[in-house]
Novice: 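The structure is given below, and queries will be raised subsequently.
Every chain is numbered from 1 and lettered A, B, ... according to where its sequence line falls, protein lines coming before strand lines.
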There are 2 protein chains.
Amino acid sequence: MVASVREEAVTLDRAAVDRLRARLQAYMAKKGLRSTAQRRLIVDTFFEGASHMTIEDLLTEVRARDKGIGYATVYRTLKLLAECGVASERRFGDGLSRYELADDAKAHHDHLICSSCGTIVEFEEPRIEALQEDVARRYGFHVISHKHEMYGTCADCQKKVS
Amino acid sequence: MVASVREEAVTLDRAAVDRLRARLQAYMAKKGLRSTAQRRLIVDTFFEGASHMTIEDLLTEVRARDKGIGYATVYRTLKLLAECGVASERRFGDGLSRYELADDAKAHHDHLICSSCGTIVEFEEPRIEALQEDVARRYGFHVISHKHEMYGTCADCQKKVS
DNA sequence: CTAAGTGCAAAAAGTTTGCATTCCG
DNA sequence: CGGAATGCAAACTTTTTGCACTTAG
């Protein structure tokens, strides 16, 4: 149904990005992980590229720069990034895993997903977050993460149909 | 990580359930679909059983009553229910599709999912829905459906850990 | 009768993993 | 050197589909 996913421009916080890079470096040091050419390429591409990329997307971009990179390497690198809190894995119901920079780099946000063109728009609404905490409190629930996604048609697609 | 998913008691609206059954019947009539023993068994089991069951869960229950039912039949019947708006497919990030009666049968709700014991609690918060519509309006977005899920630890599991 | 439904097994689609080889530290 | 990382291909998991046989209407 959704041909592909287009990307919304997102304003990044430069300092937060640096922080994420530092976090990755620290994590790798602590775990005795190594810095390889492939890993550097994949990580850089991820940081520079569009948000909400799938592993395939990233693989394509990475291969544009280095033909021989394998799917598994991208897969494992993304897992690594998620593991140390530098990237967040997202699933929007199309069966694919997508990755975005962790919330540190931008304000915490949720998503509007257009079912017709695949565009993903990010939004923030602190009042929803607050109410959400209220709800959790009512159930004695300790929230670690959440997802709030709205599916429907974006402004552009509404025009097209009419 | 999550061993299994336990079920929360949910109060159903009897009249709404009847409405859903009627909707299914109407849909099948319109499409010229047939009422088979398997289909009746699966549908009844689904209506009577716990919410948020996976296809496997339902298959197990159904097979307790009729040994020979195949996975594909349950799969296709659930698809049918979802198609005519009698059931909703949900994914809570463990890679499995779960099904619940459509919102008509209960008030619209969202979910709290305990990452440690798998319990799924449903909640309603109209004020969140309202704010959500505000957000959509800001983006000229037409919302067709949404999911709002909070992941964390339920009250019980918090006690266990401490 | 005949088009729809069933059960099985095979195909897809994505994600993970085992392993021999390569390479960082 | 020795343990990590890589690339490939094979294994998995869950969902979907093709097909020959059965059956509702």
Novice: Around atom CD of Gln25(B), are there more than 12 heavy atoms from other residues, nucleotides or ligands closer than 6.0 Å?
Specialist: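 Open.
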Novice: Is there a donor in the side chain of Arg98(B) and an acceptor in the side chain of Thr54(B), or the other way round, less than 3.5 Å apart?
Specialist: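 No, no side-chain donor-acceptor contact under 3.5 Å.
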Novice: Measure CE/Met53(A) against P/dG14(C) and give the value in whole Å, please.
Specialist: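 Nearest whole value for this atom pair: 17 Å.
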Novice: Using a 3.5 Å distance criterion without hydrogens, assess whether the side chain of Thr73(B) forms a donor-acceptor pair with backbone atoms of Ile69(B).
Specialist: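 Here the side-chain-to-backbone pair does not exist.
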Novice: How close or far is atom P of dT15(D) from atom NZ of Lys79(B), stated in whole angstroms?
Specialist: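 Interatomic distance, NZ of Lys79(B) to P of dT15(D): 8 Å.
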Novice: Does dT14(D) have OP1 or OP2 under 4.0 Å away from a side-chain N or O of Ser97(B)?
Specialist: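 It does not, given that no N or O in the side chain of Ser97(B) lies less than 4.0 Å from OP1 or OP2 of dT14(D).
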Novice: Would you say dC23(C) has OP1 or OP2 under 4.0 Å from some side-chain N or O of Arg34(A)?
Specialist: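 Checking dC23(C) against Arg34(A), no side-chain N or O comes under 4.0 Å of OP1 or OP2.
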Novice: Applying side-chain contact (heavy atoms from CB on, under 4.5 Å) between His111(A) and each of Glu100(A), Met150(A), His148(A), Lys147(A), report the one that passes.
Specialist: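 Single pass found, and it is Glu100(A).
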Novice: Pick the nucleotide of DNA chain D nearest each of Leu33(B) and Gly70(A); which residue has the one closer to the 5' end?
Specialist: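 Checking each residue's closest nucleotide, the 5'-ward one belongs to Gly70(A).
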Novice: Could you give the CZ-to-C1' distance, from Arg91(B) to dA13(C), as a whole number of Å?
Specialist: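 Rounding to the nearest Å, CZ of Arg91(B) and C1' of dA13(C) are 12 Å apart.
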Novice: Given atom CG of Leu96(B) and atom P of dT16(D), what is their separation to the nearest angstrom?
Specialist: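 Taking atom P of dT16(D) as the reference, CG of Leu96(B) is at 13 Å.
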Novice: Mapping Ala37(A) and Gln38(B) to their closest nucleotides on DNA chain C, which lands nearer the 5' end?
Specialist: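 So the residue in question is Gln38(B).
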Novice: What is the distance from CZ of Arg76(A) to C1' of dT16(C), rounded to the nearest Å?
Specialist: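 Atom CZ in Arg76(A) sits about 9 Å away from atom C1' in dT16(C).
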Novice: Return the value, rounded to whole Å, for the distance between atom CD1 of Ile55(B) and atom C1' of dT6(C).
Specialist: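 For the pair Ile55(B) CD1 and dT6(C) C1', the rounded distance is 16 Å.
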Novice: I'd like to check Phe46(A) versus Val74(A) (side-chain heavy atoms, cut-off strictly below 4.5 Å). Are they in contact?
Specialist: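 The answer is no, as the side chains (C-beta and beyond) never meet within the 4.5 Å cut-off.
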Novice: So, is Thr73(A) near the phosphate of dG7(D), with a side-chain N or O under 4.0 Å from OP1 or OP2?
Specialist: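 For dG7(D), OP1/OP2 do have a side-chain N/O of Thr73(A) under 4.0 Å.
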Novice: Taking only the side-chain heavy atoms of Arg39(B) (C-beta and beyond), determine which of dC8(D), dG5(C), dT15(C) contains the nearest atom.
Specialist: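 Among dC8(D), dG5(C), dT15(C), the one nearest the side chain of Arg39(B) is dG5(C).
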Novice: Please confirm whether the shortest side-chain N or O distance from Ser35(A) to OP1 or OP2 of dC24(C) is below 4.0 Å.
Specialist: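 False: Ser35(A) side-chain N/O out of range (4.0 Å or more) of dC24(C) OP1/OP2.
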Novice: How many Å lie between CZ on Phe92(A) and P on dG14(C), as a whole number?
Specialist: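 Between P of dG14(C) and CZ of Phe92(A): 17 Å.
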Novice: Can you see if the side chain of Tyr71(A) gets near the phosphate of dT16(C) - specifically, an N or O under 4.0 Å from OP1 or OP2?
Specialist: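 Answer no for this pair, as no side-chain N or O of Tyr71(A) is under 4.0 Å from OP1 or OP2.
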Novice: Heavy-atom nearest nucleotide on DNA chain C for Val74(B) versus Gly32(B): which residue maps closer to 5'?
Specialist: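 Between the two, 5'-proximity favours Gly32(B).
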Novice: Can you check the Met28(B) CE to dA24(D) C1' distance for me, whole Å?
Specialist: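 Rounding to the nearest Å, CE of Met28(B) and C1' of dA24(D) are 10 Å apart.
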